[in-house]
Each structure stands twice: as structure tokens, then as C-alpha cells.
2 protein chains.
Amino acid sequence: MNKFETVDMQQIADMTGVSRSTVSRALSGSPLVSFKTRDLIINAAKQTGYVMNTAARNFRLGRTGVIAVVLTLEHDSPQTINDPFFMEIIAEIAEYLRQRNYNTLIAHERLDDASSFLQSQTVSASDGVIFIGQGKKHEALNELANSGFPIAVWGDATLDCDYTVVGCDNRQGGYLAAKHLIEQCHRKHLAFLGDTHFPEPQARFKGYLDALQEAGLAETNSPLHINISFDPSTAQKALEEFFTRETEVDGIVCCSDLIAIAAISAAQRAGKSVPNDVSVIGFDNISLSQLISPQLTTVAQPIAAGAKSMCESIFAQLSGERPRDDISQAQLIIRDSA
Amino acid sequence: MNKFETVDMQQIADMTGVSRSTVSRALSGSPLVSFKTRDLIINAAKQTGYVMNTAARNFRLGRTGVIAVVLTLEHDSPQTINDPFFMEIIAEIAEYLRQRNYNTLIAHERLDDASSFLQSQTVSASDGVIFIGQGKKHEALNELANSGFPIAVWGDATLDCDYTVVGCDNRQGGYLAAKHLIEQCHRKHLAFLGDTHFPEPQARFKGYLDALQEAGLAETNSPLHINISFDPSTAQKALEEFFTRETEVDGIVCCSDLIAIAAISAAQRAGKSVPNDVSVIGFDNISLSQLISPQLTTVAQPIAAGAKSMCESIFAQLSGERPRDDISQAQLIIRDSA
DNA sequence: TTGAAAGCGCTAACAG
DNA sequence: CTGTTAGCGCTTTCAA
């Protein structure tokens, strides 16, 4: 029992000589209340320091007041969220939802198949779910969407999605990055770092290949597959091996800023200077990308706008609407690393 | 209305021929139910895919099932959380609370005075609040704690606190960092980066001064005050000025890894090599500190353990107990930057 | 424009 | 060990 919510609607009702119903109506802005009583009630509420019990309200309204966020990518990794990109997008989501008087639930729910997901606590404790990344769960997500439960997904839209997809044009992002390396940085031996088993990296890889093709460098590419939500030391080791093996690589497109930061670090450890010996481009444009040295050249993702879009999509679905996707252009931000 | 919770306790009761009460008892593990009926009920629940409506349960129990996290440091800054340290500690809190079937609310509530805070949505929507950082709100926090509302604070314990404080020995951390710079790195011109208007940086600064004193270098220190939750570009500018002004500084103690990363970046931009020309030590040991180059030497904060302590303290208070603080030793992690 | 009454799904006396 | 009953704080028909 929260002993700090001393006053409830009944007390306001008693004070003002009206019924609970009227207090309820007045406080939730119903037009069915006369100005006079409404002001009376609102004043009384202020004076007593009344704060509505939102749990009771949501309960009565048959909703939870919660939107869950699920990180699809953490499939077999025991790790929690350690990619700043996740954190930034979650922060944006939380901030937007807070403005709409919703809570954000950071869920740790695996998505295997739609029906078992629908029976999860995450679903029963929320009014909708935002997935960050499609993982390899495209089918399950489609099924889930068709069940009618509101979801929105941060991901790539090249698949045939029944669910709301929000993100950027990943193919274009990969293309712009590789093209920049080739044309502006005059690089010839490019590499791609990311796990192309997932839709977004895959699309970026495709764009990367397109740029290579266009430049007649299609055979020189050397992709290294790394899991995005990786363990720092594992990634370091893989990257060190990479640099000792691929000695002539002079340009790298990374699938996240975190990977780019690790790649720069590994390159420097291997005695290479960035961007002199090797140019590195990230993806996401997390706020940290400006803080490190060299400042990261990167493909910006519309984090804040995307977070808002996904939330709005959920709300639209809760109102029975059927909203569109929101795929923005990729934008190359040129700084110092490439 | 969540159309996906089709089955409720009454249905399980009907199926098994018992009353709602018995179902409730069985499902919440009450010992007052016979094994036979308990198993019967649990099986029926499984078969129907029943998921308890936690909102209703919490409502009935007079609790919210939510613990709020408030970032005390964001006093006048319009920014949201962009320090990975915050994100990591929040992630740990969220993970621990999830295991206890609690939700984490990332609140954006200012703490001005205790009584107005007690009337906030944040309080009414949660069973307890965790504050990250004391800010300049020590008095208000004491008042709040004395009101009986459960709170726990990540901060420094040198003040006289009526609230649960969790963190590390900040003075010792500052001391260890400065001592390392002096003794191991043979540095003589040290600087301290952080905003000493706040209790934690202040304690660290004190330890830093203690080490200088001990080494007979007390007059050479040159503190630069920076707000921890800073805007990247502002911080960059301040740091660049710093390095052009303080040309002989050869060792820096930073109040966070983020500041250290920015400092290294600025140093490099100013043509200085880290750690050859200037040694830099961070504070926090965020996971990113291993990913950058040079890998960050830093004072580790017990992030996971501290998160757990704060949650446990809240739960203890909810059970009427009066728990102790949890202040751990500071631990210097020596890597490459110093 | 307002009030009376019912009830969201669950738990907890109390009585058996 | 189990059932009956009341009710958490709020909203919303329905009637006035």
C-alpha cells in the first residue's frame, strides 16, 4: 500500500459536495461537467495535492499504460544491452512515451513463435511491443502482427513485412559509405564488418557490394562477420586477427559505431593509423562518435525520429488505425575517420 | 482492453471445480492448498495458456510493481541520458528488477523539495525511487528518506545521510588514480577534470589532493570543472582550451570514463600522445573503456553490485527493514592510458 | 449536467 | 484445506 497517496477521488467529492463520478469526469477533462463544478473540483484537487492513481485508472480502462521494448538481437548472447545505440534509442522511446503518460518496459523476452510470445508476461504486461532489430525472426514478427497485437519494429524494410518497420535505407547507407571510401578516400581494398545473417547488415552489405561493383572493385572485398551485440574482448580478438591477416585492407565499412570504435582501436594496436593507413566508417551516429579521436565518419540513423515513429505506430494501432512504415534516407556524416 | 488475455482465474476455477480464491492461492504458491488441487490448477492454467494479469494483482496488493530511477544530475540540462555509465547502471537495475517481477521506470522528475516530490507522478506511480547521484540535493534526499518513502541513492557517503547510499569510496578512488599517475607514470603536472560542486567528484578531488600532498606536489594541480552530463561539443571546446592553456599538464584524473575519452580525444587533437605525453585515468569502468584505444586505465565502480544493492535496499524498506549502506572499495584498473 | 451502481481481475480476511 | 464475501480506485453505463 502506497501510504503516500492519502487522498482519493472520494475525498475530493466529499469536499466539493459532488459524486465520485463528477470528480472523475472533471479531472479527465470530460465536457459533461459545468465550468463551475469543474473549477471547484480542480481547485480542491490542487489544494489537497491529489495525484490520480494511474494504476487504478489503467486497470479500469483495461490497459497497462506500458509499451515494452524488446531487443531482438540478443538471441543466444547472455549479455544485456551494451551497445550505446540500443541505449540511445531506448532513451528516446522512453522520453517520448513519458510525454504520452506511458511507461517503457525494457523486456527480456525471446521471440520464438508468435503464439508463445502472445502468452508471455511481456505481452500481458504491455499494450504494445517495440522490437529493436528483426533478428532472424521475420516470420514470427509477421505472424505476431497479424494476430492484432500492436507491434513496431526497428529494422530493414526490404523484406515483405506485415508489421510496421521503421529505420533507414540500409542498402543506401552501405552504398554511401563504400562509395565515400572509394571516391573521396581513394581506397581500393575494402572490408565490411558486421553480421550479415541479419536483415539490416545484409542490406548494408548489399549496398557496399553495389558500390564496389560500380567502381570495378567487386572482387577485393573481404567481409568479416561479427555479431553486433558482442563481447568486447571477443570482438577485440577477432579484429586483431583480422588486421594481421588482411594487411592490405585500407578502408572499412562497419555495421555500427561500436564496431567502428573497436576496429579503430584494433587498427591502432596493429600499428595502423586511422585515417592515414586505413579509413573507417561507422553506422548509427551515436553521440559518442563525436567524442572519440579520430571523430567518427558514420552513416546517421534517425534515432529520435524513428523512436517517435514506432511509438506513434503503436498508438495508431491501439486506436484501430493501420499506419505506414517510416523509412528515412541514410545520411553520411563525414568527420575524421574516413 | 487487451484482447490477448482471454482467460482469467474464474475460468480456471470453473474448469477445475474450485473457487477463484483457491486458484489464486495455488498460483501464487500459498501453502494452504493441497498438492492435489494445486497440481490440478497449475495444469489447467498451463493448458489454457493462462497468464496472470499483473496489473490487477499489483492493484489489489496496493502496489505498483514499479521502481523509478531518477537521474539527479540533470538539473538544468535539457539533455537526456547520454552517459554510458548511466545507461549501464540503469540496465543493471532493470535486469535485477525484472528478475524480481518489477518494472523499471526511467523518470524525468526534478527533485526540488521532498514534499513536492512526494506529490509527483513518479512517486505515485512507483513503490520506491533510486536516485543516480546526489546532485546538490542532499537535504531534500534526507527529508524524503525521513518521510518513509523508500529511496536509495547512488552517491558518496561522506555526507550525513538518512538515506541508503550505495557507491564506492570516491576519495580513495581519486587518491589511487593520482597516486598511480605520480608513482607509476612519474607524472608531476596533474590535472583533475570534473564538477566538484557535486559530492562524488568533490570526494574524488579530495583524494586527488591528498595524493598530491603526499607527494609534495600540492601546488601544481590545475582542476578543470566540467559538468558530467555534458554536451559533447561544449566539452570538446572546453577541453581544447584546456590543452592549449595548460601545456605542461602530463597527467589527468577524470571524473568519468566519458570525460576521459573526451580528454584523450582532445589531447590527441592538440598533438599530444596518450599515454606518452599525457597519462589519463577515467572513472566508472564502463564496458566501452576496453574498446577504445588506448584502452582506458580507470577506477572501477561496482556497477552491477551497486545496482543490486540499491534495489535490495528498496525491497528491504518495503518490508519495513532499515538497511545499511553499501560502499565498496575503489579499484584501479590499469590498462594503457596511464 | 449529475448521481447511483456495477465492475475491471485479483487477494485476503473470515468462517467453515 | 477451501469457499464466501468484500473491495483496491477508478470509469462508465444508465437513469434522473
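Keep in mind it's a predicted model, so treat the numbers as computed, not measured. The chains referred to below are lettered A, B, ... by the order of the sequence lines, with proteins before strands, and numbering in each begins at 1.
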Query raised in the report: Can you list the steps and then say if B:Tyr163 with B:His138 is a side-chain contact (heavy atoms from CB on, under 4.5 Å)?
Result: CA-CA 10 Å; B:Tyr163 48 86; B:His138 176 63; 2.7 Å; yes
Report task. Please assess B:Arg57 against B:Asn53 for the test side-chain contact (heavy atoms from CB on, under 4.5 Å), listing each intermediate value before the final yes or no. Result -> CA-CA 6 Å; B:Arg57 171 166 221 261; B:Asn53 183 328; over 6 Å; no
Report task. Begin from the C-alpha positions of B:Tyr96 and B:Met310 and carry the test side-chain contact (heavy atoms from CB on, under 4.5 Å) through to its verdict. Result -> CA-CA 10 Å; B:Tyr96 181 78; B:Met310 291 191 288; over 6 Å; no
Requested in this report: Check step by step if side-chain contact (heavy atoms from CB on, under 4.5 Å) holds for A:Val153 and A:Leu141.
Outcome: CA-CA 9 Å; A:Val153 181; A:Leu141 288 168; 4.1 Å; yes
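The side chain of A:Asp8 approaches D:dG9 more closely than any other nucleotide in the set D:dG9, C:dA4, C:dT11.
In this entry the distance linking CG of A:Leu61 with P of C:dA6 reads 20 Å, nearest Å. Straight-line distance from the CE atom of B:Met9 to the C1' atom of D:dG3: 15 Å, rounded to whole Å.
Stacking annotation: A:Phe59 is stacked on the base of C:dC8 (ring centroids less than 5.5 angstrom apart, interplanar angle below 30 degrees).
From one end of the helix from C:dT1-D:dA16 to C:dG16-D:dC1 to the other, with five pairs defining each end axis, the axis direction shifts by 40° (rounded to 10°).
Taking only distance into account, the side chain of A:Ser21 meets the base of D:dT12 through a donor-acceptor pair shorter than 3.5 Å.
Residue contacts for B:Thr22: at a heavy-atom cut-off of 4.0 Å it reaches the sugar-phosphate backbone alone, with no base atom in range.
Of the residues in residues 25-37 of chain B, those placing a heavy atom less than 4.0 Å from an atom of DNA chain C are B:Arg25, in numerical order.
The aromatic rings of B:Phe59 and A:Phe59 sit tilted, their planes meeting at an angle between 30° and 60°.
For the residue pair A:Thr64 / A:Asn58, no side-chain donor-acceptor distance below 3.5 Å is found, with atom types taken as modelled.
Between B:Thr48 atom OG1 and B:Tyr50 atom OH the span is 9.0 Å, to the nearest 0.5 Å.
Among the candidates A:Phe86, A:Trp154, A:Phe149, A:Phe117, the single residue satisfying the ring pair (Phe, Tyr, Trp, His ring centres under 6.0 Å) test with A:Phe131 is A:Phe117.
Using a 4.5 Å heavy-atom threshold, the side chains of B:Arg25 and B:Thr22 count as touching.
Residue order along DNA chain D, read from the 5' end via each residue's closest nucleotide, puts B:Val18 first among B:Val18 and B:Ala56.
Checking the phosphate oxygens (OP1, OP2) of C:dG9, no side-chain nitrogen or oxygen of B:Tyr50 falls inside 4.0 Å. Phosphate contact (OP1/OP2 of C:dT11, side-chain N/O of B:Arg57, threshold under 4.0 Å): present.
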